[in-house]
There are 2 protein chains.
Amino acid sequence: MTENPSPAAIKAWARLMRVSRQLLERAEDALKDAGLPPLAWYDVLHELAEAGEGGLRPFQLIERTLFAQYNVSRLLARLEADGLVEKLRVADDGRGQTVRITGKGREMRRRMWAVYGRSIAELVGARLSNNDLETLSALLGRLRHPAMPE
Amino acid sequence: MTENPSPAAIKAWARLMRVSRQLLERAEDALKDAGLPPLAWYDVLHELAEAGEGGLRPFQLIERTLFAQYNVSRLLARLEADGLVEKLRVADDGRGQTVRITGKGREMRRRMWAVYGRSIAELVGARLSNNDLETLSALLGRLRHPAMPE
DNA sequence: CCGATATAAATGCAGTTGCATCTATATAGA
DNA sequence: TCTATATAGATGCAACTGCATTTATATCGG
């Protein structure tokens, strides 16, 4: 009986896809206009900043960001080339490495957040009450895969 | 005062981006697994099917699908190469053309919908009640740009 | 009617993504 | 221990995207 989607499901799907694409594009444009790198960079810098001095293994970044493996590999190469992250050999696993954010990386993250955060505030925060935002988050949470208890 | 996003706004944004990406990827994978073309093809075929025999001008497709102009141009070239749409010179505007879906295009759309619709039913329809779906649609509707009255 | 500007659509080129594969190391099992 | 398999990460190549520009036609102002 999950064969054919109900009209309500189709509408919610369509809006979800359309709105998310639209808002994402707006946020990307804001960064671009400010001469800053794309959002993917922010996502990685954010995770690495949260991780602290210990850094993260690339495969951990993949889990957290949902980016594809090859994508992370190349993204890290670009971030390293720009001096925003550094790669460290890890002692107990010769295959891998640990990636750590640099001071320059933290600075870039800060500058990106100034723009990105403003986009979020404008595009979402200014349009729904806190209560509605909570409702939205809860509903979206139930669509996550794999489904996790709220 | 829309400077800094509230925690509720950040959370809603993060979920929106993450969930939409995840669900989109799932739907794309389902099509790929079935040996069918990507969702973008469906979007165009859908619009053209709705438009009927009169077809649509490429710029109308751009408005409806939110794809970039160059993207539509190339997508239509691929669809035409596969015989799914046909391009017709339009009498009263020598710059443009009208694009019409072919029988083969309708057939492809039908086959894609069999898979895509099932994805929507499973990923969204089976996870939220009709009532929650309506709520979700309404909240997302308020995030559209430009904002339109519900 | 004519030149300037605007709109429709296509395209060359550079950068990015996706796929498949490859290299290197680690772990498991005989 | 030695081989087989699994995991971490990088990469060659083809397809796709984004940007800027180009071509062609239409419209507007004088």
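Below, chain A is the first sequence line, B the second, and so on; all start at residue 1.
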Please walk me through it: do B/Glu53 and B/Arg106 pass salt bridge (Lys or Arg N to Asp or Glu O under 4.0 Å)? CA-CA 12 Å; B/Glu53 284 311 304; B/Arg106 289 182 190 278; 3.6 Å; yes
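Here chain A contacts DNA chain D (any atom closer than 4.0 Å to a heavy atom, that is under 4.0 Å), and the contacts span D/dT7 to D/dC19 from 5' to 3'.
In the set C/dA6, C/dC19, C/dA9, the nucleotide with an atom closest to the side chain of A/Tyr70 is C/dC19.
Classified by interplanar angle (parallel below 30°, tilted 30° to 60°, perpendicular above 60°), the ring pair A/Tyr116/A/Trp113 is perpendicular.
The nearest heavy atom of DNA chain C to A/Asn71 and to A/Asp93 marks one nucleotide each, and the one closer to the 5' end goes with A/Asn71.
Distances shorter than 4.0 Å separate some side-chain N or O of B/Lys32 from OP1 or OP2 on C/dC19.
Within 4.0 Å (heavy atoms only), B/Arg74 reaches at least one base atom of the nucleic acid.
Distance alone, capped at 3.5 Å, is enough to place a donor-acceptor pair between the A/Lys104 side chain and the A/Asp82 backbone. Side chain of B/Glu86 to backbone of B/Val99: no donor-acceptor contact under 3.5 angstrom is found.
A heavy-atom distance below 4.5 Å is not found between the side chains of A/Ile120 and A/Leu23. Considering only heavy atoms from C-beta on, B/Asp93 comes within 4.5 Å of B/Arg57 through its side chain.
Side-chain atoms of B/Gln69 stay outside donor-acceptor range of the base of C/dA8, with no qualifying N/O pair under 3.5 Å.
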